[in-house]
K.L.:
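Quick one: the structure is below, questions incoming.
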Amino acid sequence: MAKLTINPEKKISRINREVYGHFSEHLGRCIYEGIYVGKDSPIKNENGMRTDVIEALKEIRVPVLRWPGGCFADEYHWRDGIGPKEERKKIVNTHWGGVVEDNSFGTHEFFELCRQLGCKAYVNGNLGSGTVQEMSEWVEYMTFEGVSPMAELRAKNGQEKPWQLEYFGVGNESWGCGGNMNPEFYANEYRRYQTFVRDYKKDHHIEKICCGANVDDYEWTEKVMETCFRRTPEGFHGFMDGLSLHYYVHPEGFEIKGSATDFDEEVWYKTLNKALYMEELIVKHGAVMDKYDPEKKVGMIVDEWGTWFTVEPGTNPGFLYQQNTMRDALVAGITLNIFNKHSDRVKMANIAQMVNVLQAVLLTEGEKMIKTPTYHVFNMYKYHQGADLVESHIETETIGGKEWKVPNLTESASVDADGVLHLTLTNLSVSEDYKIEASVEGGAISSVSAQIVTGEMHDMNTFEDEHCVEIRKFDGVEISGDTLNFCIPKCSVLHLEVRR
Ligand code: AHR
């Protein structure tokens, strides 16, 4: 029997809604086909956006969307993507499959997508191959309300009013595809470029995201914080509002990666062990940030995370299209529990990527669309968005294969604005169910409802069988005063909604 204790009165930090954010890059079939099909498509759409995809994404309450990349961001020149579509420049997407990018999805289409989703906009600027002027004018184009060349150009292109831009990234992976810079060089470039990311709107601050580290490059964090974090005389920070972190789970390393669907138990545990590594990264990068920013003014922005496997057989290697199994569901559940637990520092996270790329929540094939196991986890965890993380602790045991070990269970708990307690748990074992006794401090429990995503480790949804993995009602919870007793099945992600 594993003991779980929760203290709903002990509020720790607010879980920013943006922790449940997404990422959509001009990569493979993410934007084109996956989201945007154009107004003339036989696929049902509103202003070119697939209706089925929009509806599915609204269901999971996408809070924020990052665009246009990724590596694509540092090659993207925003003027190519505005104005009459037939006049837009056609370019080659050199990073991703060498296909023709016709720029039919640009700034206007991105904000239309955010409008339909009801989400915040996070635009990633080009520091790698763009100029300061280009970046500055893009921000002016998107946000300036008065008389200015960029505001006039925007109006000429059909958008009189400026849009609401919440987040702006100044370069992407500047240590790699964004320019192969060293931290000192990037940090100085960041200071210069961000100066011209101006707040044109009264009473609205665009949150500036500085490019952070790849995985465990703590030196990058140190050097960038040293140069870019700044206190003003009022004691507030300047220059940066967020520092990014990128971490992908590749079971067999970056070169080999490993199959998305064909794996054994050892690789199952290896993958989950690597997903759990996110916690160490947050703690260690967070400790470096704390040295400069003990008040945690700067958010850690994990704007790329998820599984990265070998592409599906027969697909373009540059399109990063992979299937999604119960293993991905576990990676999502584990990672989101970690983000919740560190919501004092992690202010945004964006799973890579939204549709048809890497750990996608949706897959499409022509007019068909399926929801992946990862989608269903996001759907169960959405109740944590904007809620208060509360104190919780679970007793665990170490399980695993011959070499790769993991704790059997992970959890996180939050209380929403209506006082409802949400508890999410993952069972990492491929073979064992575990009995849990959960005591909720502070009075008797009146009701509980529960949902589960569970299955065998290889279970997935396909275009032939789209309902193999779904959210199912979970009936096995018994209430006894302030205690809940239940048995969490092997290989599952569980959500309990508790009222007192
Ligand atoms: O998400 C795929 C790629 O991974 C992104 O373009 C890049 O930022 C990262 O290396």
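In each ligand, atom 1 is the first atom listed, and ligand 1 is the first ligand listed. Not measured: the values here are computed from a predicted model.
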K.L.:
Donor-acceptor pair, Asn172 side chain versus Gly70 backbone, under 3.5 Å?
P.N.:
yes
K.L.:
How many angstroms lie between atom CD1 of Ile54 and atom CD of Glu59, to the nearest 0.5 angstrom?
P.N.:
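So the CD1 of Ile54 and the CD of Glu59 are separated by 14.0 Å.
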K.L.:
Flag the pair His26 / Tyr32 as yes when their ring centroid distance falls below 6.0 Å, and as no otherwise.
P.N.:
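Ring centres of Tyr32 and His26 closer than 6.0 Å.
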K.L.:
Does Phe72 come within less than 4.0 angstrom of ligand 1, counting non-hydrogen atoms of the residue?
P.N.:
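It does not, in that no heavy atom of Phe72 comes within the 4.0 Å cut-off of ligand 1.
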K.L.:
Under 3.5 Å, side chain of Glu140 to main-chain N/O of Met150, donor-acceptor pair present?
P.N.:
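Yes; at least one donor-acceptor contact below 3.5 Å.
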K.L.:
Identify the protein heavy atom lying closest to atom 8 (O) of ligand 1, giving its residue, its atom name and the separation to 0.1 Å.
P.N.:
Glu304 OE2, 2.7 Å
K.L.:
Say whether, by atom type as modelled, one donor and one acceptor occur between the side chain of Ser174 and the main chain of Gly171 under 3.5 angstrom.
P.N.:
no
K.L.:
Show the atoms of ligand 1 that are less than 4.0 angstrom away from any heavy atom in Gln353.
P.N.:
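Once the distances to Gln353 are compared, the set is 1 (O), 2 (C).
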K.L.:
Could you list the atoms of ligand 1 found under 4.0 angstrom from a heavy atom of Gly70?
P.N.:
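What qualifies from ligand 1 is 5 (C), 6 (O), 8 (O).
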K.L.:
Looking only at protein heavy atoms, identify the closest one to atom 1 (O) of ligand 1 and say how far it is in Å.
P.N.:
Tyr248 OH, 2.7 Å
K.L.:
Please indicate whether any nitrogen or oxygen in Asn172 is less than 3.5 Å from any nitrogen or oxygen in ligand 1.
P.N.:
yes
K.L.:
Just distances here: any N/O of Trp308 and N/O of ligand 1 closer than 3.5 Å?
P.N.:
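No: no nitrogen or oxygen of Trp308 is under 3.5 Å from one in ligand 1.
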K.L.:
Given that the side chain starts at C-beta and the backbone is N, CA, C, O, which of these parts of His95 lies under 4.0 Å from ligand 1, counting heavy atoms, or is it both or neither?
P.N.:
neither
K.L.:
For Lys44, I'd like to know if atom NZ has over 12 heavy atoms of other residues, nucleotides or ligands within 6.0 Å.
P.N.:
no
K.L.:
Taking distance alone, with N or O pairs closer than 3.5 Å, would you say Cys71 contacts ligand 1?
P.N.:
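So ligand 1 has an N or O lying under 3.5 Å from an N or O of Cys71.
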K.L.:
Regarding Thr374 and Asp328, is there a side-chain donor-to-acceptor distance under 3.5 Å anywhere?
P.N.:
no
K.L.:
Is any side-chain N of the basic residue among Glu222 and Lys291 closer than 4.0 Å to the acidic one's carboxylate O?
P.N.:
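Lys291 and Glu222: salt-bridged.
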K.L.:
Using a 4.0 Å heavy-atom threshold (strictly under), name the region of Trp305 that reaches ligand 1: side chain, backbone, both or neither.
P.N.:
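It is neither; nothing of Trp305 touches ligand 1.
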K.L.:
Number the atoms of ligand 1 from 1 as they appear, then name those within less than 4.0 Å of a heavy atom of Leu358, with their elements.
P.N.:
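That gives atoms 1 (O), 2 (C) of ligand 1.
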K.L.:
With heavy-atom distances below 4.0 Å as the criterion, list the atoms of ligand 1 near Phe23.
P.N.:
1 (O)
K.L.:
With a distance cut-off below 6.0 Å to the six-membered ring centre and an angular limit of 45° from the axis, does Arg29 pair with Tyr321 as a cation-pi contact?
P.N.:
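Yes, Arg29 and Tyr321 form such a contact.
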K.L.:
List every atom of ligand 1 that sits less than 4.0 Å from any heavy atom of Glu173, numbering the atoms from 1 in the order shown and giving each element.
P.N.:
7 (C), 8 (O), 9 (C), 10 (O)
